[in-house]
Amino acid sequence: QVQLVESGGGLVQAGGSLRLSCTASGRTLSSYNMAWFRQAPGKEREFVAGITRPGGTYYATSMKGRFTISRDNGERMIYLQMNSVKPEDTAVYYCAAGGTVSPATTAYDYWGQGTQVTVSS
C-alpha cells in the first residue's frame, strides 16, 4: 500500500504560480502511474494531468501549456507546477496512484486527502 499526502496549496493571485507536491509513504511510487485531479465546489472531480512510470505526460486540454506534472528520481514525490493560474483553477487538488493514466477516477487505487488552491482575481 501507499499513502499519499499533498502539500503546497494556498492563496495565489490570478496570473501567478504555485507548485503542488505529493509525498508517498509506504511503498515508493515506482510501481504506479500517477495523476493530479481537482474538484471545485459543486462540481465533479476532474482530471488535471497524469504521468506514467517511464515519465510520459498527459494533460487536460484547459491545463496544457500552463501546468506541468513531474516525478522525482527518488520515486517518493510528484509535483504539479501551476503557472498563469486563473480564478477557475480554484479547487481542492488531489494526487492519485494507479495502474494506468486515465481521466477516470475509478482507474486509481490510492488518493491523497487533497490540498486547497484558491486563485483570487
Side-chain angles (χ1 to χ4, degrees):
Q1 274 202 342
V2 63
Q3 293 79 41
L4 304 173
V5 177
E6 302 92 339
S7 60
L11 177 64
V12 60
Q13 286 191 331
S17 298
L18 208 60
R19 190 193 198 205
L20 305 183
S21 300
C22 174
T23 304
S25 60
R27 298 181 66 178
T28 69
L29 299 178
S30 59
S31 301
Y32 300 98
N33 295 293
M34 302 296 299
W36 287 96
F37 282 75
R38 70 185 185 185
Q39 188 166 20
K43 295 188 176 181
E44 293 188 352
R45 194 168 295 189
E46 65 171 345
F47 175 82
V48 173
I51 187 165
T52 65
R53 285 177 291 171
T57 57
Y58 301 85
Y59 297 92
T61 302
S62 62
M63 289 68 151
K64 200 168 186 178
R66 299 191 299 123
F67 292 4
T68 302
I69 188 172
S70 60
R71 61 197 305 165
D72 76 330
N73 291 332
E75 299 291 358
R76 288 286 183 185
M77 297 187 73
I78 66 164
Y79 306 97
L80 185 70
Q81 178 67 42
M82 305 168 61
N83 297 328
S84 303
V85 295
K86 306 174 182 179
E88 51 264 43
D89 294 323
T90 295
V92 177
Y93 284 71
Y94 299 89
C95 67
T100 185
V101 171
S102 167
T105 57
T106 53
Y108 300 89
D109 301 309
Y110 302 101
W111 292 84
Q113 84 290 347
T115 186
Q116 176 71 47
V117 172
T118 303
V119 182
S120 63
S121 58

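Every heavy atom of this structure was used, including side-chain atoms; hydrogens, water molecules and symmetry mates were not.
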Query raised in the report: Out of Arg27, Gln1, Gln3, which one pairs with Tyr110 under the side-chain contact (heavy atoms from CB on, under 4.5 Å) rule?
Result: Gln1
Report task. Identify the heavy atoms of Phe47 and Tyr59 that sit nearest to each other, and give their distance. Result -> CE2-C, 4.1 Å
Report task. Run the numbers on Val101 and Tyr108 for side chain to side chain contact (heavy atoms under 4.5 Å, CB included), then give the verdict. Result -> CA-CA 8 Å; Val101 171; Tyr108 300 89; 4.2 Å; yes
Report task. Using modelled atom types only, decide if a donor and an acceptor are shared between the side chain of Thr28 and the backbone of Arg76 within a distance under 3.5 Å. Result -> no
Query raised in the report: With a 4.5 Å limit on heavy-atom distance, are the side chains of Asp89 and Arg38 in contact?
Result: yes
With a 3.5 Å cut-off and sequence neighbours excluded, list the donor-acceptor pairs that the side chains of residues 8-18 form with protein atoms.
| unit_1 | atom_1 | unit_2 | atom_2 | d |
| --- | --- | --- | --- | --- |
| Ser17 | OG | Asn83 | OD1 | 2.9 |

Query raised in the report: For Ser120, which residues count as a side-chain hydrogen bond (donor to acceptor under 3.5 Å, both in side chains) partner, sequence neighbours excluded?
Result: none
Report task. Output, in order, the C-alpha distance, side-chain angles, deciding distance and verdict of side chain to side chain contact (heavy atoms under 4.5 Å, CB included) for Trp111 and Thr105. Result -> CA-CA 10 Å; Trp111 292 84; Thr105 57; 3.8 Å; yes
Report task. Please name the pair of heavy atoms, one in Leu29 and one in Arg71, separated by the smallest distance, quoted to 0.1 Å. Result -> O-NH2, 2.7 Å
Query raised in the report: Tell me the disulfide (SG to SG under 2.5 Å) pairs involving residues 2-64, sequence neighbours left out?
Result: Cys22-Cys95
Requested in this report: Please report the shortest heavy-atom distance between Tyr94 and Gln113, naming the atom on each side.
Outcome: CE2-O, 3.4 Å
**Report entry** Verdict with reasoning, Trp36 to Phe67, per ring pair (Phe, Tyr, Trp, His ring centres under 6.0 Å)
**Finding:** CA-CA 11 Å; Trp36 287 96; Phe67 292 4; over 10 Å; no
